[in-house]
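Below is one structure, written out as structure tokens; the observations come after it.
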Amino acid sequence: MLYRVETGPHAGMDDTQGRKTAQRLRKDLNLAVAEVRQTKVFTVDGLDAAQVQRLLDEGVWHDPILQQAALTPLPLAQPAQWFVEVGFRPGVTDNEARTARDTAALVLGLPRESLRVYTSVQYRLSSDAAAPLGREQVEALARDLLCNTLIQRYRIKSAAEWAAEPGFAPQAAAVTGTADATVETIALSGMDDAALQQASRENTWALNLAELHRIRAHFTGLEEAARRAALQLPADPTDVEMEVLAQTWSEHCKHKIFAARIEYTDADTGRREVVDNLYKTCIRDATAILRERMGANDYCKSVFKDNAGVIAFINGYDACIKVETHNSPSALDPYGGALTGIVGVNRDPMGTGMGAELVCNTDVFCFASPFYDQPLPPRLLHPRRVLEGVREGVEHGGNKSGIPTVNGSLVFDERFLGKPLVFCGTVGLLPAEINGRAGWYKKAEPGDVIVMTGGRIGKDGIHGATFSSEELHEGSPATAVQIGDPITQRKMYDFILRARDMGLYHAITDNGAGGLSSSVGEMAEDTGGCVLDAAKAPLKYDGLRPWEILLSEAQERMTLAVPPDKLESFLELAARMDVEATALGYFTESGYFEVRYGERVVASLDMDFMHNGVPQLRLEAQWRAPEARDVRVDVAQVEQGAFLQRMLGRLNICSKEYIVRQYDHEVRGGSVIKPMVGVKRDGPSDAGVLRPLLESDAGLVVSHGICPKFSDYDAYWMMANAMDEAIRNAVAVGANPDALAGVDNFCWCDPVASPANPDGRYKLAQLVRACRALRQFSLAFGVPCISGKDSMKNDYTGGGERISIPPTVLFSVLGVMGNVTAAQTSDFKRPGDLIYLLGGTWREMAGSEAADELGLKGGRVPHVDAAAALPRYRAVNALMGQKAIAACHDCSDGGLAVALAEMCIGGRLGAEVDLNAVPALETMNLTELLYSESASRLVVSVRPDLGMIFDALGQWQLCARIGTVTEDARLTLRSGDSALCAVPVEDLTKAFKRTLDW
């Protein structure tokens, strides 16, 4: 029998959760809600009335001091007009219910398997008398804010309906399920081109016509037909085979545009050339050249071939890093998409080598303005809602997993309305040696058992890989969004590390894009084949067909290759640590990826065709430089102080403290430089520094650069500036510029020309130029790329409108510090310290925040001179090692003026700066000198007695003393004897914090 228990605050007690919900309804949906009271509901099956009453009497599921509990609806503290109850859909993991079940079983002395517990939340809404809520509004607020309809369902009652029948009927859900064994044949041989294209679109295969022709030709070959007949498979592919090929050949998995043969034309010069595979020629080969240069000093351990890139650290440990994007899922469901993004990228280091310990997270988000006030195209969510959902999703994923978030940023551009960019990264630590072999090395062996651990399989995440390989549109499938559960994943992670140290498996990888078909298919390349029984897979609920079981990207799952003689020990350890583990098949040397459903073979794919059969794309790119137009950026002298405050309030410059404070950057106790620094911990840091081994002073530095605004002028310099920004951010906190590794994450608008995408050739030319910049500056700075990812279809079409993101690259850097006590922050430390600017300033205003603030487009985009910058970075690092620098900050968004203001804000100290001393490399006005965003510049402060060192440095470097730190708490900018402004630091701080102070 089902029993329903309601718990909530005692009458007269403050309902903090209800108050928070009411505030969100008012702010986010602009609804006139007077009050919200929240009640937690537990539905339990497997107990009798006396046992349930005991749970209430002993306060097992509630706090008797603060809360009341009853088997009947709790009395109303205030009259309510509407009642909304939200609970999980069948099969969705409910961690609170699981804990409630285990606690009840412990108290009552029962086996927990005999109980079923489900939770829900009831909202009692009181509206303002002047603006009462109607049912349509309540439906909308339930759907848009109170309920995530991908994983939850809701019920509504009005006050009259409640009076007639108080409460809601108990509602439960099945936990486990069985599959639908239906397997269909996809009759490719009978389809013409139009039918093939229609089938690809309707089934979200994201395959082009050439790829569909290749698949059809493969299955109609005489030898293949005979082989299939012997297996009692149809001549045409089964739906299982077709779906496996679609995800394996997807842009998301195969990176077909980066692997394409491109005919590149420079329309400005008339030069034509062929670029064969951007990844190999610009990324892979550059890293190979650098590794050869390093010789015996090569610190790269594993690059481009595992879930994360691995470099050497110290004391018998290596470090690894991976950064992923979750753009398309976050556009449909910001919370679920972002939550899955962070827990998903956590699994990449977890599945790197023999399994890494997770030490920190990083995240970068790109949104349209949260103050957007225009009508929204169909299916798009308001940017404020996207921001809040993404923030909360990444917060819950990271915080609940016990992993600190040490670095990140936000970028705003109205074009991210069409699709937000959500970058999530994780750094891990690997023992250099595990059980006698390198920790980064793994390899499945023939006969190893295929074991899936972690969560069960559901419909969430089906077609995630192919859905992410095409543009977002009004019909994009909601089932493509996976729903993460960090608690289940944390338990699995703890189990995996224990199993790793016990030597219970040979290889491990995560069930990411494509689910089991991808993880098992990739691991099967080690041995040459596999046999997988989909009927053995544990399911969340009934009704999944074999292809859905195989492709589901349901979260918190890993696949391992377990030696047969270790299988019993592996499964026993999993059971002891409360982790579900299931043997699904074994690895073979057959040459085929074979899937069965019980005794029936439902798929048999040639391994070589599956992984290497996709035809190379042949694309055209045409570059024509945008028309150059000079602009004069100038502000009257009397307005300089007010303009600086306006600049500090811009979305791309202002304080992100509101968001940063949601993330735990202290857990594990290893963070050295936090996201916020200074005397009041509200100044921005340049990068994160952590000490992953608390018994050692060695540290890791995590930084990034991202400059999509420069793509409008030239994606080549966008890429160069992103790389330089990431490197100088790392150097600004103390990283050694000669011990850095990079991760490139490309997010592009569709670069394939078509009638719907007429400027595709130009977008592809932008990609070619960005990749060439990556190669050139990787070699020039000596920074090898060790991992990366691309997302190529970041466009939206709907309502007669097409929105494309600006071409964007996030370049992340992982660096090594020998001693974290030499790490440095950006805030001024002492009055009297001397201020130096390292690096020269050009009149480079294109894409600058100042030009945009004044509504100006044009000018010259900042260029990067690596030959001049690298010695500068080495000099700064050497001086930091001697602890000769008191503060260091890079000049980026907003230029010199904003960098100085941020250093003043962090230290709550003033500064007096003479702009005549700033190294200006060409003629410009004072506004341009202050706000130019020329690359490779650092502002440092030093003790007066060390000024001679920097004066000497200026003899062979662009390094000039420009001012002094003051105690008058004012930023004073002068041009010789003429004062431009003297702004109190407190006013700068208010301007910096005001914009996102929600």
Side-chain angles (χ1 to χ4, degrees), residues 1-26 31-45 47-88 94 96-97 99-101 103-104 107 117-135 137-139 141-142 145-147 152-172:
M1 180 176 177
L2 292 175
Y3 289 92
R4 176 187 168 92
V5 175
E6 293 192 5
T7 70
H10 285 299
M13 296 288 293
D14 182 30
D15 184 350
T16 55
Q17 290 299 317
R19 182 155 43 80
K20 179 180 177 182
T21 300
Q23 186 177 28
R24 289 183 64 196
L25 289 170
R26 296 186 198 107
L31 293 175
V33 177
E35 184 184 52
V36 176
R37 303 286 290 185
Q38 284 188 210
T39 298
K40 173 66 69 175
V41 180
F42 299 88
T43 300
V44 58
D45 186 15
L47 300 179
D48 58 33
Q51 291 169 319
V52 176
Q53 189 61 51
R54 181 181 169 190
L55 297 178
L56 269 64
D57 293 341
E58 296 187 15
V60 175
W61 287 346
H62 72 292
D63 181 349
I65 297 175
L66 301 176
Q67 296 174 307
Q68 54 185 322
L71 281 163
T72 57
L74 293 179
L76 298 175
Q78 297 289 339
Q81 283 74 51
W82 293 98
F83 301 80
V84 180
E85 189 158 300
V86 178
F88 288 105
D94 184 347
E96 189 172 8
T99 303
R101 176 203 65 184
T103 306
V107 169
V117 179
Y118 315 91
T119 66
S120 57
V121 178
Q122 185 185 115
Y123 301 89
R124 302 176 174 195
L125 285 73
S126 303
S127 56
D128 288 343
L133 297 174
R135 185 175 288 272
Q137 287 176 299
V138 177
E139 287 274 357
L141 69 86
L145 191 66
L146 302 182
C147 178
Q152 294 171 311
R153 51 189 177 181
Y154 63 86
R155 296 180 291 173
I156 295 174
K157 279 190 176 184
S158 66
E161 292 166 337
W162 185 271
E165 188 178 354
F168 290 91
Q171 187 169 329

Look at the side chain of [X] and the backbone N and O of [Y], then say whether any donor-acceptor pair between them is shorter than 3.5 Å.
X: Q67; Y: H10; result: no
X: R124; Y: Q78; result: no
X: Q53; Y: A49; result: no
X: R37; Y: G18; result: no
X: K40; Y: H62; result: no

Point-to-point distance, once rounded to the nearest 0.5 Å, from [atom1] of [X] to [atom2] of [Y]:
X: R54; Y: D48; atom1: CZ; atom2: CG; result: 11.0 Å
X: I156; Y: E85; atom1: CD1; atom2: CD; result: 11.5 Å
X: L145; Y: L31; atom1: CG; atom2: CG; result: 9.0 Å
X: Y123; Y: L141; atom1: OH; atom2: CG; result: 10.5 Å
X: T16; Y: Q38; atom1: OG1; atom2: CD; result: 8.5 Å
X: D94; Y: T119; atom1: CG; atom2: OG1; result: 3.5 Å

Minimum heavy-atom distance between [X] and [Y], given as atom pair plus value:
X: P132; Y: S127; value: CA-OG, 3.5 Å
X: P64; Y: G59; value: CG-CA, 4.0 Å
X: V36; Y: D15; value: O-OD2, 4.0 Å
X: P79; Y: S126; value: O-OG, 2.8 Å
X: G167; Y: K157; value: O-NZ, 2.6 Å
X: P9; Y: M13; value: CB-CB, 4.0 Å

Heavy-atom side-chain proximity of [X] to [Y] below 4.5 angstrom:
X: V44; Y: W61; answer: yes
X: T21; Y: R24; answer: no
X: Q81; Y: S158; answer: no
X: L71; Y: V52; answer: yes
X: E6; Y: R4; answer: yes

Residue of the set Y154, W162, F168 for which ring-ring contact (aromatic ring centres under 6.0 Å, His included) holds with F83: W162
Salt-bridge criterion met for E161 and R135 (N-O under 4.0 Å):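 Between R135 and E161 there is a salt bridge, with a charged N closer than 4.0 Å to a carboxylate O.
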